[in-house]
Amino acid sequence: MPTFSKYEFGYSWFVAYGHLVPLALAAALAAVAAWRRWPRWVSVLAAVVIVWAAAGLFLMNVAFGINRPMALPTERFLASGAGRVLDAGAGSGRAAMGVLLSRPKATVTGLDIYEGYWGIDDNTPERFMTNARIAGAADRAEARTGDMRDMPFEDGTFDAVVSAYAIDHLRPDGIVEALAEVSRVLAPRGELLLMIVNVDWVAWLVSPHAIAHHPRQDPARWRARLEQAGFVVEEEGRKPATLYFLARKRQ
Ligand SMILES: C[S@@+](CC[C@H](N)C(=O)[O-])C[C@H]1O[C@@H](n2cnc3c(N)ncnc32)[C@H](O)[C@@H]1O
């Protein structure tokens, strides 16, 4: 399926373009309603669905950029542009590519369990490395298979960790374990940029069916979890369908 992007993040057709289905059905309904002179409310309903689906398509592909490297939500993350970065739950590498492109002296290790279905077709370390090659940064990237609740790295291996829409997919005890592991593999004063799905109006427009699987997030609960894992939250904010936290490991 063409993605109109040189990258191959592999998000399934229905994730990126699923809005085309209701859009086409509503357009067909509008055409039949006009032809058969059906009551006006039918055309109005079809128009509402068309506007919703077009907005969802735009937000997912243009504003959110599901098939583009991620624009990191804060410039303060790894402001030096250099260091050893871990992407926890890296998948096909949207966040990792965002780091490699915007932090030109950083190296990135993508860690992912690479099993199960997470909206990405053929989610493999090879796909992650294909994207690193497309980004022109394969020499600064590596993909590892492993569980972020029990990471295959020595203590203090990384200067920074990024994690996007992955830790929040774990069960509550898994979240605690993963944050403890992030803290363990970070060097003292290392940084964590954590992004989680936020059920806001953009999320509802973009993906109401997927959002049904995501609980409403309580920022205070995430702050408490981060503090419990040994972090100080330095910045917190919202982006479309996203809550993010920039946190620093205490000594
Ligand atoms: C929704 S995807 C997000 C992928 C990527 N971070 C992105 O933003 O495109 C969630 C990812 O978390 C990974 N994942 C889930 N549980 C994991 C675990 N216990 N350890 C490592 N990765 C895990 C999945 O394999 C999947 O690639």
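In each ligand, atom 1 is the first atom listed, and ligand 1 is the first ligand listed.
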**Q** Backbone, side chain, both or neither: what part of Leu170 comes under 4.0 angstrom of ligand 1, heavy atoms only?
**A** side chain

**Q** Give the atoms of ligand 1, by number and element, whose distance to some non-hydrogen atom of Gly146 is under 4.0 Å.
**A** 20 (N), 21 (C)

**Q** Answer yes when Arg149 and Glu181 have at least one side-chain N-carboxylate O distance shorter than 4.0 Å, and no when they do not.
**A** no

**Q** N/O to N/O below 3.5 Å, does that happen between Trp118 and ligand 1?
**A** yes

**Q** Hey, does Ala164 come in under 3.5 Å of ligand 1, counting only N/O atoms on both sides?
**A** yes

**Q** For atom 21 (C) of ligand 1, what's the nearest protein heavy-atom neighbour? Residue, atom name and distance, please.
**A** Ile113 N, 3.3 Å

**Q** Whether the side chain of Asp112 engages the backbone of Arg144 through a donor-acceptor N/O pair (distance < 3.5 Å, no angle test) should be reported.
**A** no

**Q** Inspect the surroundings of CZ in Arg238 and state if more than 12 heavy atoms from other residues, nucleotides or ligands are less than 6.0 Å away.
**A** no

**Q** First locate atom OG of Ser183, then atom NZ of Lys249, and finally report the distance between them rounded to the nearest 0.5 Å.
**A** 4.5 Å

**Q** What residue and atom, counting heavy atoms only, is the protein's closest point to atom 13 (C) of ligand 1, and at what distance?
**A** Asp112 OD2, 3.3 Å

**Q** Short list, please: which atoms of ligand 1 are under 4.0 Å from a heavy atom of Tyr11?
**A** 3 (C), 4 (C), 7 (C), 8 (O), 9 (O)

**Q** Taking atom 4 (C) of ligand 1 as the point of reference, which of Gly93, Gly89, Pro69, Ala166 owns the nearest heavy atom?
**A** Gly89

**Q** Any luck finding a side-chain donor-acceptor pair between Thr130 and Glu8 under 3.5 Å?
**A** no

**Q** Ignoring hydrogens and angles, tell me if any N or O in the side chain of Trp41 forms a donor-acceptor pair with the backbone of Trp38 under 3.5 Å.
**A** no

**Q** Could you check whether Thr242 and Tyr165, counting side-chain N and O atoms only, form a donor-acceptor pair closer than 3.5 Å?
**A** yes

**Q** Quick test: of every protein heavy atom, which one is nearest to atom 20 (N) of ligand 1, and how far off is it to 0.1 Å?
**A** Met148 N, 2.9 Å

**Q** Relative to the heavy atoms of Asp147, which atoms of ligand 1 are at a distance of less than 4.0 Å?
**A** 18 (C), 19 (N), 20 (N)

**Q** In terms of atom number and element, which parts of ligand 1 are under 4.0 angstrom from non-hydrogen atoms of Gly91?
**A** 27 (O)

**Q** At under 4.0 Å between heavy atoms, which part of Ala90 makes contact with ligand 1: side chain, backbone, both or neither?
**A** backbone

**Q** Using a 4.0 Å cutoff against the non-hydrogen atoms of Arg149, which atoms of ligand 1 qualify?
**A** 19 (N)

**Q** Test side chain to side chain contact (heavy atoms under 4.5 Å, CB included) on Met60 and Val15; report intermediate values, then the result.
**A** CA-CA 8 Å; Met60 185 61 109; Val15 175; 4.0 Å; yes

**Q** Nearest protein heavy-atom contact for atom 1 (C) of ligand 1: which residue, which atom, what distance?
**A** Tyr165 O, 3.4 Å

**Q** Does NZ or CZ of Arg133 come closer than 6.0 Å to the centre of the six-membered ring of Tyr7, within 45° of the ring's axis?
**A** no

